[in-house]
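Chain naming here is simple, since letters A, B, ... match the order of the sequence lines and numbering starts at 1 in each.
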There are 2 protein chains.
Amino acid sequence: MKTFTTGEIAKYCDVNLRTVIRWIEKGELKGFKLPGRGNNRVKEEDFINFLRRYDIPFPEELKTHASNNSILIVDDEVQVAKAIKRVLKGAGYSTLLAHDGFKAGSHLMKERPGLMTLDLSMPGLDGYDVIRFVREAPVVSQTKILVISALDKPALEKAIECGADAYLQKPFSNSELLSAVELLLDSPQQSSIAG
Amino acid sequence: MKTFTTGEIAKYCDVNLRTVIRWIEKGELKGFKLPGRGNNRVKEEDFINFLRRYDIPFPEELKTHASNNSILIVDDEVQVAKAIKRVLKGAGYSTLLAHDGFKAGSHLMKERPGLMTLDLSMPGLDGYDVIRFVREAPVVSQTKILVISALDKPALEKAIECGADAYLQKPFSNSELLSAVELLLDSPQQSSIAG
DNA sequence: TATTCAAATGTCGCAAATGTCATTTAAATT
DNA sequence: AATTTAAATGACATTTGCGACATTTGAATA
């Protein structure tokens, strides 16, 4: 469990240590106290939530820490999933497969991959729900989501509105897949790409 | 009796080993000494009490292992899930709801509840698969699984064979639900009850 | 624009808590 | 038994919490 001291947070936020303590006291930043005199500690997760909530730019150190380049492939059609896996592994990515919602959710939370490819139409699973859920779950909300589906444009655009980062309409070529993935994994974790 | 070394505790709490020793010396954390040079050990139970007393968040590794008494309710029928939740909350358990496989998997891995109630027949999700998957995933393999279903006995028995801890056949009473849950959460997390 | 005022943040000093380092020794591993 | 790993310890360095007070900020108002 990675934690931060008030001093570290003070540096990251370029603010006085006293102020950090006050944030914690007020509950604006979630923390806990050690025994002893009650020195404060903040869980990495809680600190990240705090930064996001107040749109504070990420310290470099946290960016790399938070980015994992493994890829979770979510598709109930085993053949499709394997085909995607083959291409991505060939390009050097480490991959995880999930053929149902349960495994998808487990792997996502356990491994916290940097990107997931998501089949919008899986039995018993609403792809849009999944996207929204991921975007609202602090620890994985930055996961890149590449929607892969044979549905029509409006359906795919809706996925973007829900929070997906990009989509690939079936059928697609290997190179289209790869360039979509590379684009997403190279792009910044946060906000503005435009310059 | 599971015990921890000062080093392990230091890692869990993200604190220096020296500090852990001082906590023990001061009596803030209960421990005992081995013969030899007097290396410290802390009983799991005492460590958990310590974490609770000081509101220190549980390290991931301990979440399931030791006393996480929260309950994950997996059922696609919202009304059923809510009814179960009501009963369990009433008895003092903290609960989590999941109406589809994705959320179930996410919550399981994120919160590592001590017990999950599982509807065997959810759309797009094979309950037996879920049970096997949980049993094979080291970090959550000790999670108690209470199968809840309207299927017949053979189907329920099959769930037990797959690794479920118990089942409740619908319809069931509130008290049946409660006693099943209590039985499971009071029983040892690991192996042998016999003795 | 200037003024006012409350809330937020910064400063300072001290005592206490925590971290670091080098060394010694027990415990685990082979 | 030899080797490797991990823990305890003392001495010392650094960081933190806190109270009291100063300063800055930002919005409302004159």
Exercise. What does A:K33 touch in the nucleic acid at a heavy-atom separation under 4.0 angstrom: a base, only the sugar-phosphate, or nothing?
Worked result: nothing
Exercise. Can any side-chain N or O of A:R53 pair as donor or acceptor with the backbone N or O of A:E28 at less than 3.5 Å?
Worked result: yes
Exercise. Under 3.5 Å, is there a donor-acceptor pair between the side chain of B:R135 and the main chain of B:S141?
Worked result: yes
Exercise. With sequence neighbours excluded, what pairs up with A:F50 under the ring pair (Phe, Tyr, Trp, His ring centres under 6.0 Å) test?
Worked result: A:W23, A:Y54
Problem set entry | A:I21 CD1 - D:dA20 P separation (whole Å) | 15 Å
Exercise. How is B:K11 classified with respect to the nucleic acid when contacts are heavy atoms under 4.0 Å: base, sugar-phosphate, or nothing?
Worked result: nothing
For this session: Find out whether the Lys NZ or Arg CZ of A:K2 is both under 6.0 angstrom from the six-membered ring centre of A:F4 and within 45° of the ring's axis.
Result: yes
Exercise. Atom CG of B:L34 and atom P of D:dT9: how far apart are they, to the nearest Å?
Worked result: 12 Å
Exercise. Can you tell me if the side-chain N/O atoms of A:T5 get under 4.0 Å from OP1 or OP2 in D:dT15?
Worked result: no
Exercise. Looking across every strand, which nucleic acid part, if any, lies under 4.0 Å from A:N39 by heavy atom: base, sugar-phosphate, or nothing?
Worked result: sugar-phosphate
For this session: Considering only heavy atoms of chain A and a distance under 4.0 Å, specify the first and last nucleotide of DNA chain C in 5' to 3' order that meet this criterion.
Result: C:dA8 to C:dG19
Exercise. Phosphate oxygens OP1/OP2 of D:dA8: is one of them under 4.0 Å from a side-chain N or O of B:N40?
Worked result: yes
Exercise. On a plain distance test, is the side chain of B:R18 in donor-acceptor contact with the base of D:dG10 below 3.5 Å?
Worked result: yes
Exercise. Roughly how many Å is it from CD in B:E8 to P in D:dA7, rounded to a whole number?
Worked result: 7 Å
For this session: Apply the test side chain to side chain contact (heavy atoms under 4.5 Å, CB included) to residues B:V130 and B:C162: give CA-CA distance (whole Å), side-chain angles for both, the deciding distance (0.1 Å), then the verdict.
Result: CA-CA 9 Å; B:V130 170; B:C162 289; over 6 Å; no
Seminar exercise, completed: NE2 of A:H99 to CG of A:D119, rounded to nearest 0.5 Å, is 12.0 Å
Exercise. Could one point to a donor on the side chain of A:R37 or the base of D:dT16 with an acceptor on the other under 3.5 Å away?
Worked result: yes
